[in-house]
Amino acid sequence: MRHVIALDVGGTGMKAALVGTDGTLLHEARRATGRERGADAVVETILAFAADLRAHGEEHLGESAVAAGVAVPGIVDAEKGIAVYAANLGWRDVPLRALLGERLGVPVALGHDVRTGGLAEGRIGAGRGTDRFLFVPLGTGIAGAIGIAGAIEAGAHGDAGEIGHIVVRPDGPDCSCGQRGCLETLASAAAVTRAWAAASGDPAADAADCAKAVESGDPAAVRVWQDAVDALAAGLVTALTLLDPGTLIIGGGLAEAGETLFTPLRAAVEERITFQKLPHIVPAALGDTAGCLGAGLLAWDLLSTEVSA
């Protein structure tokens, strides 16, 4: 059965699959990234995992994969196939496409994890059938993927979509990027966790606990939650003013709160817009499989490009 290898590399774990021509997941697997062993060990783990997936396809599907796609965090030069920098993996300028191509003997596509997840959400997830969308996962940080006509816009330097570093409160918390009051310092899952741990007096409390407290009517939780929602709405209105998406897809850990997030968020965005058109604001549909599915799409796209060339 014709298939490709798809790999989504995270800070602590990797999700992988063998993906058929119609996007079907023919085999799924997970493996620890092993970042505590150093950057070189992480790269070798990725290469070995990919080789094991190829072997699984040969044994169970009757043939070897025809291509591979891999999504990685950090700064990525997709055109050159280089994983430029990832703080949580400790690597710099890793020629991952060339290394995987040499190990597997097939064409390899490399992509940024959020943009790759956005590609999947746009084509086969919550944005399916939408010509223009913005995918915003709310996790440890906040990033974005700009979907245009079935593809993801990377920008002139590969940095498009960094919505988490829109300044929404100039007098706000310091951000690791060097600015103050960036969106991700106020509205990410990590930001809500910090704020709720402080407000509740429980250092172990997290964003999910805050959402549950909001649902039970805890006034302190409501204040923390609404503060994050207001900051998020401000950042999103800036983004939709610039991009005019038809659909705004919200994913990541914070979106797991469901309507506890989406009801006040839709209201806060609507309150802020004037001439702008209100997009459909919907939860992501693919969960933590988006990056892996997107990596598979990258691989199939690469093959179709090579054939047409």
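Worth knowing before you read on, the calculation uses all heavy atoms, side chains too, and leaves out hydrogens, waters and symmetry mates.
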ask   = Are the side chains of R169 and D230 in touch, meaning some heavy atoms are under 4.5 Å apart?
value = yes
inquiry  = Between T116 and D8, is there a side-chain heavy-atom distance shorter than 4.5 Å?
reply    = no
key: Stepwise side chain to side chain donor-acceptor pair (under 3.5 Å) test for S216 and D218   = CA-CA 6 Å; S216 69; D218 184 308; 5.6 Å; no
inquiry  = Show every salt bridge (charged side-chain N to carboxylate O under 4.0 Å, His left out) that has at least one partner inside residues 202-211, sequence neighbours left out.
reply    = none
note = Tightest non-hydrogen contact, residues V72 and V76, listed as CG2-CG2, 3.5 Å
message = If hydrophobic clusters are built from ILVMFWY residues whose side chains come within less than 4.5 Å, do V66 and V19 share one?
response = yes
query = Would V229 and F262 satisfy side chain to side chain contact (heavy atoms under 4.5 Å, CB included), going step by step from the backbone distance to the final call?
reply = CA-CA 9 Å; V229 167; F262 284 92; over 6 Å; no
message = Tell me the closest heavy-atom pair linking A228 and A187, and the distance in Å.
response = O-CB, 3.5 Å
request  = Tell me, yes or no, whether the heavy-atom count around D40 atom CG, taken from other residues, nucleotides or ligands under 6.0 Å, exceeds 12.
outcome  = no
task = Spell out, as yes or no, whether a donor-acceptor pair under 3.5 Å connects the side chain of E121 to the backbone of A126.
result = yes
key: Test item: L236 and I163 side chains (from C-beta on) under 4.5 Å apart, heavy atoms   = yes
inquiry  = Using only atom types and a distance under 3.5 Å, with no angle test, would you say the side chain of R54 pairs donor to acceptor with the backbone of A50?
reply    = no
inquiry  = Could you check whether any side-chain N or O of Q179 sits under 3.5 Å from a backbone N or O of H165, counting only pairs where one atom can act as donor and the other as acceptor?
reply    = yes
ask   = So, R123 side chain and G150 main chain: donor-acceptor pair closer than 3.5 Å or not?
value = yes
task = Just do the side chain to side chain contact (heavy atoms under 4.5 Å, CB included) check on V94 and L89 with the steps written out, would you?
result = CA-CA 11 Å; V94 178; L89 293 175; over 6 Å; no
query = What's the spacing between L100 CG and L47 CG if we round to 0.5 Å?
reply = 5.0 Å
ask   = In Å and rounded to the nearest 0.5 Å, what is the CD1 to CG distance from I148 to L134?
value = 10.5 Å
query = If Ile, Leu, Val, Met, Phe, Trp and Tyr residues are connected whenever their side-chain heavy atoms lie under 4.5 Å apart, and connections chain through other members, are I166 and L265 in the same group?
reply = yes
request  = Assess whether salt bridge (Lys or Arg N to Asp or Glu O under 4.0 Å) is satisfied between R266 and E259, documenting all intermediate values.
outcome  = CA-CA 10 Å; R266 292 186 185 108; E259 287 306 312; 3.0 Å; yes
inquiry  = Is there a path of hydrophobic side-chain contacts, each under 4.5 Å between heavy atoms of I/L/V/M/F/W/Y residues, joining I124 to F135?
reply    = no
key: Nearest-0.5 Å distance that lies between atom NE2 in H157 and atom CD1 in I75   = 12.5 Å
inquiry  = What's the separation between atom CG in L298 and atom CG in L110, rounded to the nearest 0.5 Å?
reply    = 8.5 Å
Check: T193 side chain, A207 main-chain N or O, donor-acceptor pair, under 3.5 Å = yes
ask   = Looking only at heavy atoms, what is the nearest atom pair of T45 and A32, with distance?
value = CG2-O, 3.7 Å
message = Using side-chain heavy atoms (C-beta onward) and a distance below 4.5 Å, is E153 in contact with L243?
response = no
task = Mind running side chain to side chain contact (heavy atoms under 4.5 Å, CB included) on L25 and L293 for me, showing each step along the way?
result = CA-CA 8 Å; L25 297 178; L293 289 166; 3.5 Å; yes
task = Decide yes or no for L303 and R2: does some side-chain heavy atom of the first lie under 4.5 Å from some side-chain heavy atom of the second?
result = yes
message = How long is the straight-line distance from CD of E270 back to CD of Q276, given to the nearest 0.5 Å?
response = 12.0 Å
key: Smallest separation among heavy atoms of A6 and C292, with atom names   = CB-O, 3.2 Å
Distance (rounded to the nearest 0.5 Å) between L248 CG and I250 CD1 = 4.0 Å
Side-chain donor or acceptor of R97 paired with backbone N/O of E79 under 3.5 Å = yes
ask   = Can you check whether H60 reaches L18 side chain to side chain, under 4.5 Å on heavy atoms?
value = no
ask   = salt bridge (charged side-chain N to carboxylate O under 4.0 Å, His left out): which pairs involve residues 99-108, sequence neighbours left out?
value = E44-R103
4.5 Å side-chain heavy-atom contact, L7 and L53 = yes
task = Mind jotting down which residue pairs meet the salt bridge (charged side-chain N to carboxylate O under 4.0 Å, His left out) criterion with at least one end in residues 179-189? Sequence neighbours excluded, please.
result = D174-R180
request  = Heavy atoms only: give me the nearest A143-E162 pair and the separation to one decimal.
outcome  = CB-OE1, 4.5 Å
message = When you group the ILVMFWY residues by side-chain heavy-atom contacts below 4.5 Å and let the links chain together, are I146 and V237 in the same group?
response = yes
request  = Please examine the side chains of L240 and V269, heavy atoms only from C-beta on, and report whether any two atoms are closer than 4.5 Å.
outcome  = yes
Where C182 and G164 come nearest, the two heavy atoms and their spacing = CB-O, 3.4 Å
inquiry  = What verdict does the side chain to side chain contact (heavy atoms under 4.5 Å, CB included) test give for W225 and L254, after you've listed the backbone C-alpha separation in whole Å, the side-chain angles of each residue and the deciding distance to 0.1 Å?
reply    = CA-CA 11 Å; W225 195 257; L254 219 55; 4.1 Å; yes
inquiry  = Let me check something: do I249 and L278 share a hydrophobic cluster, defined by ILVMFWY side-chain heavy atoms less than 4.5 Å apart, either directly or through other members?
reply    = no
W196 (side chain) donor-acceptor with A220 (main chain) under 3.5 angstrom = no
